[in-house]
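Structure first, commentary second.
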There are 2 protein chains.
Amino acid sequence: MPYLKKCTPENEPVDCRILTAALELFVERGYHNVSVHDVQKRANVSIGSIYNHFGGKEGIAKALYHHLINEFDELVQDVLAEASGARARCNLIIQRLFEYTETRRHIIAYMLHAKHREFMPEEPPLCSSSPFVALRDIVRQGMEDGEIRQGDPWVITSVLFGGAIRLVQLRLDGVIDAPLMTHYEELVEATWQGLGSA
Amino acid sequence: MPYLKKCTPENEPVDCRILTAALELFVERGYHNVSVHDVQKRANVSIGSIYNHFGGKEGIAKALYHHLINEFDELVQDVLAEASGARARCNLIIQRLFEYTETRRHIIAYMLHAKHREFMPEEPPLCSSSPFVALRDIVRQGMEDGEIRQGDPWVITSVLFGGAIRLVQLRLDGVIDAPLMTHYEELVEATWQGLGSA
DNA sequence: GTCTATACGCTGATAGAC
DNA sequence: GTCTATCAGCGTATAGAC
């Protein structure tokens, strides 16, 4: 559930205000350029509250991290329910990713930009989390069913989503001006049909 | 030229020792988790020398950044000289990228992993640097010549190199065990032919 | 649970001898 | 140019009142 989305106003629960403020700041300036005091100010909370709720800066980062994984997990599960067939499912995931990038850019930016291992060394890497495992399962199934070209799962998955991920990064970096969905059709076709002149 | 490569031994020039030490540390722990003292120790130099040569930690980061851009620029220029045609050139760039990832992983890691804007806000972004411009020119030319599918340059370029970049990242993160060149043929074919079942 | 004030370590940076 | 010793500031974390 878009928990963080609802907590922007000031009269929301404390822990929620802290998370939204921290997420914004982390994305704007980068984790290391944000102090607990910064978060405290933007969230209109005292430092004590932050340590009470999350035990410190890294605690906030971890909470955001798990939150993020949950959100992406829901996205994948929704797609599994709504579409069938590997190709349709992968395309729908890309579409949702593009939509999220426009409507909830902070979460996506935190997912893609943050080098989580750098400040949460003990957390398992993103690509071993459940939504990413589910995603690779979709690809594997698609290969079995003959919907997707045979090959090493990592390679195929990289080609499948590599283009979309790059576009999201370029969009987040302000290099691409148009909303990502503008390029959806073209991306999907180029990925499935190949880059050879049509 | 692989300037940094040659400076590992202790009897090399001071500025070079500083750069190699810093590069290693930045990649291992992340820029923000490395102090000037750490660099000083590993390079067997005094702090004073570091400030004399580079003016501080950020100065080192900038020097590495420009060094990196130069190296990548040479790579692209070499490819332009060695191969002709957009497709052959792009493939060769990917091949060289894969080789570099194995033989000189630190540079590649610094290029892909580091969030340079986070600690060098005033430096222009990587994708506006000359090698990346040259790279997009190759793609543009390829579209004109009918070698590459028509479309938005950003989208096409993302699809073209997105898969390779993802693979490099996965390799650097230790997710992929085999040397990247193992997957080169498969990647290139999947990218150009598309992911539909062959 | 929330707040303020405070302690303390680390880090980037400088001064000045050699 | 290189070094050592030292400083000042910031940022995390805690103590203790309310």
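If you're wondering where the values come from, they're calculated on a predicted model, not measured in any experiment. Every chain is numbered from 1 and lettered A, B, ... according to where its sequence line falls, protein lines coming before strand lines.
The distance from the CG atom of A:L160 to the CG atom of A:L135 is 8.5 Å, given to the nearest 0.5 Å.
Taking a cutoff of 4.0 Å between a charged side-chain nitrogen and a carboxylate oxygen, A:E123 and A:R117 do not qualify as a salt bridge. A salt bridge does not link A:R104 to A:E99: none of the charged side-chain nitrogens sits closer than 4.0 Å to a carboxylate oxygen.
A:V34 comes within contact range of the sugar-phosphate backbone alone, with a heavy-atom separation under 4.0 Å but no base atom that close.
The CD1-P distance, from B:I50 to D:dT4, rounds to 12 Å in whole Å. C:dG12 atom P lies 16 Å from atom CZ of B:F54, rounded to whole Å. Atom pair B:N44:CG and D:dT4:P shows a separation of 11 Å (rounding to whole Å applied). B:H53 has its NE2 atom 17 Å from the P atom of C:dA13, to the nearest Å. The distance from atom CZ of A:F119 to atom P of D:dG11 is 17 Å, rounded to the nearest whole Å. If you take NE2 of B:H32 and C1' of D:dT12, they are 17 Å apart, rounded to a whole angstrom. Protein atom CZ of A:F26 is 13 Å distant from nucleotide atom P of D:dG11, rounded to whole Å. A straight line from CD of A:Q40 to P of C:dT4 spans 7 Å, rounded to a whole angstrom.
The phosphate of D:dC3 has OP1 or OP2 within less than 4.0 Å of a side-chain N or O from B:S46. Not one side-chain nitrogen or oxygen of A:S35 sits closer than 4.0 Å to the OP1 or OP2 atom of D:dC10.
A donor-acceptor pair shorter than 3.5 Å cannot be found between the side chains of B:N33 and A:H32. A side-chain N or O of A:Q141 and one of A:D145 form a donor-acceptor pair less than 3.5 Å apart.
The nucleotide whose nearest atom lies closest to any side-chain atom of A:V45 is, among C:dT2, C:dC3, D:dT2, C:dC3. Between D:dG1, C:dT2, C:dG12, one nucleotide has an atom nearer to the side chain of A:N52 than all others, and that is C:dT2.
Between B:F132 and B:F72, the distance separating the two ring centers is shorter than 6.0 angstrom.
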Next item on the list: Give the B/S/- string for nucleotides 13-18 of chain D, one per nucleotide from 5' to 3', where a protein heavy atom under 4.0 Å of the base yields B, of only the sugar-phosphate yields S, and otherwise -.
Entry: BB----
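Figure legend: A:K57 and A:Y51 shown without cation-pi pairing, the cationic atom not lying both under 6.0 angstrom from the six-membered ring centre and within 45 degrees of its axis.
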